[in-house]
2 protein chains.
Amino acid sequence: MSTPTMLSVTDVTACCAPLTRETIPVEQAIDLARALKALADPTRLRLISMVAASAGEEACACDLVEPTGLGQPTVSHHLKILTEAGFLTRSQRGTWAYFALVPGALDSVARLLVSA
Amino acid sequence: MSTPTMLSVTDVTACCAPLTRETIPVEQAIDLARALKALADPTRLRLISMVAASAGEEACACDLVEPTGLGQPTVSHHLKILTEAGFLTRSQRGTWAYFALVPGALDSVARLLVSA
DNA sequence: CTGGCGTATTGACGTTCATCGATATAGTCG
DNA sequence: CGACTATATCGATGAACGTCAATACGCCAG
């Protein structure tokens, strides 16, 4: 990938006004669109959901492949996208990789969509 | 388009549990992803924002082209996507087309992302 | 050190998407 | 009716995306 940058949700949510208050500037629109694009895939939504539903909001990658019905490289790819977008964290424990929800990341995006 | 179906946000938000409570079923993931995909574009986010910031939460298409810096067909295309996704309504008044926010549409999506 | 397993990366392929230019449709005014 | 304007549709093009098979990497057991 050309930009291994941590774009992360926190950039979007750091300062900014909700979508429906005033016309948002182009740059903020790009950031928010990037976060939403990371979420806008059925497999990735299910991965987030599965991680969230796991004990301690943490799940081993090995347990996430089979339920999706997709190949292991594909799941690894989706997990990478979600991690780089700031929705998941990755922690390696021995051979296994554990993914956990970033607290408040989803809420931050949701807050930008809501009017109040 | 092959599917002129009204998929609309209401389908997603009708019944369903938030993303982080339990593993969401595949079908619901597809619907939510479709709604998010409609939002996951900088131009479309700005269009929504511009409509929301307008008087009466309604804006003429003629006023939405220039601020985006894009061509008129492109803007028309984005407005169609947002309308078919259930975020905007279109009302023709004479030669002009006015677009308005669907009340609660954005909130419905936001509510699915949030944990509480 | 060697073999095996879990995970990530690479390269390729087909699909979807955003954008444009050209054109078609529809409504208004003279 | 005929010219003009606003909007939508069509066709094409280049980029981005999701998926897979093959492969590389990293860790552990023996």
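The model shown is predicted, which means the values in this text are computed figures rather than measured ones. Sequence lines set the chain letters: A, B, ... in the order given, protein chains first and strands last, and positions in each chain run from 1.
The distance between atom CZ of R90(A) and atom C1' of dC25(D), rounded to the nearest whole Å, is 11 Å. Note: CG (L64(A)) to C1' (dG6(C)) measures 13 Å, nearest angstrom. The distance from atom CD of E66(B) to atom P of dA6(D) is 14 Å, rounded to the nearest whole Å. Atoms CG (L79(A)) and C1' (dT19(D)) sit 15 Å apart, rounded to a whole Å. Whole-Å rounding puts the L82(B) CG to dA8(D) P distance at 12 Å. Between L39(A) atom CG and dC17(D) atom P the separation is 14 Å, expressed in whole Å.
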Query raised in the report: What do the steps show when you test L39(B) against I48(B) for side chain to side chain contact (heavy atoms under 4.5 Å, CB included), and what is the final call?
Result: CA-CA 9 Å; L39(B) 295 175; I48(B) 287 185; 3.5 Å; yes
**Report entry** Worked check of side chain to side chain contact (heavy atoms under 4.5 Å, CB included) between R34(A) and D31(A)
**Finding:** CA-CA 5 Å; R34(A) 192 149 36 195; D31(A) 287 343; 2.9 Å; yes
Query raised in the report: Yes or no on side chain to side chain contact (heavy atoms under 4.5 Å, CB included) for V51(B) and L82(B), after CA distance, side-chain angles and deciding distance?
Result: CA-CA 12 Å; V51(B) 170; L82(B) 288 172; over 6 Å; no
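Here dT9(C) is the nucleotide among dA8(D), dA6(D), dT9(C) with the atom lying nearest to any side-chain atom of K80(A).
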Strictly under 3.5 Å: I want the nitrogen or oxygen pairs between protein and nucleotides 23-30 of chain C, one per line.
none

Please tabulate, one pair per line, each protein N/O and nucleotide N/O from nucleotides 11-18 of chain C that are separated by under 3.5 Å, including the distance.
{"residue": "dA18(C)", "atom": "OP1", "partner": "R44(B)", "partner atom": "NH1", "Å": "3.2"}
{"residue": "dA18(C)", "atom": "OP1", "partner": "R44(B)", "partner atom": "NH2", "Å": "2.6"}

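Between L47(B) and H78(B), the closest heavy-atom pair is CD1-CB, 3.6 Å. In plain terms, the two heavy atoms of L79(A) and A61(A) that are nearest each other are CD1-CB, 4.3 Å. The two atoms that bring A33(A) and L45(B) nearest to each other are N-CD1, 3.5 Å, heavy atoms only.
Within 6.0 Å of the CD atom in Q92(B), the count of heavy atoms belonging to other residues, nucleotides or ligands exceeds 12.
Residue L19(A) forms a side chain to side chain contact (heavy atoms under 4.5 Å, CB included) with just one option from V114(A), L112(A), I24(A), and that option is I24(A).
Contacts of Y98(A) with the nucleic acid, taken as non-hydrogen atoms under 4.0 Å apart, are absent.
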